[in-house]
Amino acid sequence: MRTTMLGGSTVGVTQLALGCAGLGNLYHPVTVESALATVEAAWDVGIRTFDTAPHYGLGLSERRLGAALSGRPRDTYTVSTKVGRLLVPVQDDGHGDDLANGFAVSATHRRIWDFSADGVLRSLEASLDRLGLDRVDMALLHDPDDHAEQALREAYPALEQLRAQGVVGAIGVGMNQSALPARFLRETDIDVVLLAGRYTLLDQDGLGEVLPEAAARGRSVVIGGVFNSGLLTAPRPGATYDYAPAPRPVLDRALRLLEVTERHGVPLRAAALRFPFGHPAVASVLTGARSPEEVRDTVEQLHRPIPDALWDELRAEGLLAPGAPVPAATASREPS
């Protein structure tokens, strides 16, 4: 699978990256066996980039990912984790669940927002312990939407220093919006933006600032949320968009996308997965999985031929932004 270096760093990411929120019991429990088998399946198809965070299952995702990668040569894969939320143990014995935050785990900890320099160091130290690693390749500021100034003044300089010391190889920001990542690209020396849900067939907001800024500055973008919380896998009433039931206008747009892709004999999820690769700033697409079958299906969709006529019709129907570049008809295959 093709590998691309992030920005000016020495950190490489594979064309597809495995998002590991599912390993942390996102919405539904996942067995240990299934979690380990999912990472194994990703490895078998050539995926060597894995993204996790303390937030995902209150550390469960990091622990499971570390266990799954244990024993593999450390220089053969890339691990990304995030800072900004510290996990603080809950003292009482009667723990409830964490479903209010989206994870089917016992609420043994609570999350504390912390974008201070000390918070960055403490967060990474705890992540390394859970992962069982001596370093991570990529550290991202996680959802600093309401903490922009502290993230810029305190957390970012701490990450920059860690990068200079060789503790991490690449630094960046991971968010579900475009405006603040664009500001980070303009005002800092980050290597990468993880942009979730804002450069998809449904929402091309990232084309306004983030992608042009990254391209102009030689930085990279990793695209997450290409299926917009599942709506672009099976658009129907009740499907989710941005982690909530899809509003009717958004659902209607997804159904229009489905009609076009079906006319060309292409699954909607295949077109959604491939679309971001048309932009030169996109280094990788990050997709979640909770089973080996989901991993294998994702790779199958990546390599489905997509005729140029499909993109032409989407543009003619007003479903693609006028300046949105589109990928080649067939994804390249490279040795795993």
Side-chain angles (χ1 to χ4, degrees), residues 3-14 17-20 24 48-56 58-59 61-88 111-144 147-148 150-175 181 184-185 187-194 214 217-222 224 283-284 286:
T3 297
T4 300
M5 296 300 170
L6 292 175
S9 78
T10 59
V11 174
V13 292
T14 44
L18 180 67
C20 296
R48 296 292 184 271
T49 303
F50 304 90
D51 177 78
T52 184
H55 173 53
Y56 302 155
L58 294 171
S61 172
E62 289 182 317
R63 291 193 297 272
R64 285 179 164 178
L65 177 62
L69 295 174
S70 177
R72 301 186 189 276
R74 182 62 188 88
D75 60 354
T76 60
Y77 59 85
T78 294
V79 170
S80 165
T81 195
K82 306 182 184 75
V83 300
R85 293 174 174 91
L86 293 177
L87 303 182
V88 179
R111 300 166 179 83
I112 301 294
W113 290 104
D114 192 336
F115 287 95
S116 68
D118 180 65
V120 167
L121 298 177
R122 290 167 59 198
S123 181
L124 279 178
E125 182 179 8
S127 287
L128 290 173
D129 183 61
R130 288 187 290 267
L131 286 161
L133 299 175
D134 60 0
R135 62 181 171 85
V136 292
D137 305 283
M138 195 188 329
L140 304 175
L141 302 171
H142 198 188
D143 298 334
H147 310 271
Q150 186 184 36
L152 282 159
R153 291 194 317 269
E154 301 178 37
Y156 166 74
L159 287 182
E160 188 178 49
Q161 186 173 17
L162 291 172
R163 182 180 61 184
Q165 295 169 347
V167 177
V168 297
I171 59 175
V173 59
M175 300 189 72
F184 271 92
L185 285 166
E187 298 181 17
T188 73
D189 189 32
I190 59 173
D191 303 292
V192 59
V193 168
L194 170 51
R217 298 171 187 276
R219 304 307 177 194
S220 298
V221 179
V222 173
S284 179
L286 173 74

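The shortest side-chain heavy-atom distance between Arg111 and Pro54 does not fall under the 4.5 Å cut-off. Side-chain contact check for Leu86 versus Arg122: some heavy-atom pair is nearer than 4.5 Å. Side chains of Leu128 and Asp134 form no contact here, defined as non-hydrogen atoms less than 4.5 Å apart. Taking the side chain as every heavy atom from C-beta outward, Thr81 and Leu124 approach each other to under 4.5 Å. Using a 4.5 Å cut-off on side-chain heavy atoms (C-beta onward), Leu194 and Met138 make no contact. Side-chain contact between Ser123 and Asp114: absent, with no pair of heavy atoms (C-beta onward) separated by less than 4.5 Å.
Taking every heavy atom of both residues into account, Val221 and Ala214 meet most closely at CG2-CB, 3.6 Å. Closest heavy-atom contact between Leu141 and Ala155: CD2-CB, 3.5 Å. Residue Asp191 comes nearest to Gly8 through the heavy atom pair OD1-N, 4.2 Å, listed as atom of the first residue, atom of the second, then distance. In terms of heavy-atom proximity, Leu152 sits nearest to Thr188 at CD2-CG2, 3.8 Å. Closest heavy-atom contact between Phe184 and Ala151: CZ-CB, 4.0 Å. In terms of heavy-atom proximity, Arg217 sits nearest to Leu185 at CD-O, 3.3 Å.
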- Go through the steps to decide whether Glu160 and Asp189 satisfy the test side chain to side chain contact (heavy atoms under 4.5 Å, CB included), and finish with yes or no. CA-CA 8 Å; Glu160 188 178 49; Asp189 189 32; 4.2 Å; yes

- May I have the step-by-step check of side chain to side chain contact (heavy atoms under 4.5 Å, CB included) for Leu162 and Ile171, ending in yes or no? CA-CA 9 Å; Leu162 291 172; Ile171 59 175; over 6 Å; no

- Can Leu87 and Arg130 be said to form a side chain to side chain contact (heavy atoms under 4.5 Å, CB included), step by step? CA-CA 12 Å; Leu87 303 182; Arg130 288 187 290 267; 3.8 Å; yes

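A donor-acceptor pair shorter than 3.5 Å cannot be found between the side chains of Thr49 and Thr78. Ser116 and Asp118 share no donor-acceptor pair across their side chains, judged by distance under 3.5 Å alone.
Here the side chain of Thr52 pairs no donor or acceptor atom with the backbone of Cys20 at under 3.5 angstrom.
Within a 6.0 Å radius of CD in Gln150, other residues, nucleotides and ligands contribute more than 12 heavy atoms. Within 6.0 Å of atom CD in Glu187, more than 12 heavy atoms from other residues, nucleotides or ligands are found, so the atom counts as buried in its surroundings.
Annotation: the span from Leu65 atom CG to Tyr56 atom OH amounts to 12.0 Å, rounded to 0.5 Å. In this structure, Ile190 CD1 and Ser9 OG are separated by 12.0 Å, a value rounded to the nearest 0.5 Å. With rounding to the nearest 0.5 Å, the separation of CD in Glu154 from CZ in Phe115 is 11.0 Å. The distance from the CG atom of Leu140 to the NZ atom of Lys82 is 6.0 Å, given to the nearest 0.5 Å.
Classification of Arg74 and Asp137 as a salt-bridged pair holds, one side-chain N sitting under 4.0 Å from a carboxylate O. Salt-bridge annotation for Asp143 and Arg85: present, with a side-chain N of the basic residue lying under 4.0 Å from a carboxylate O of the acidic one.
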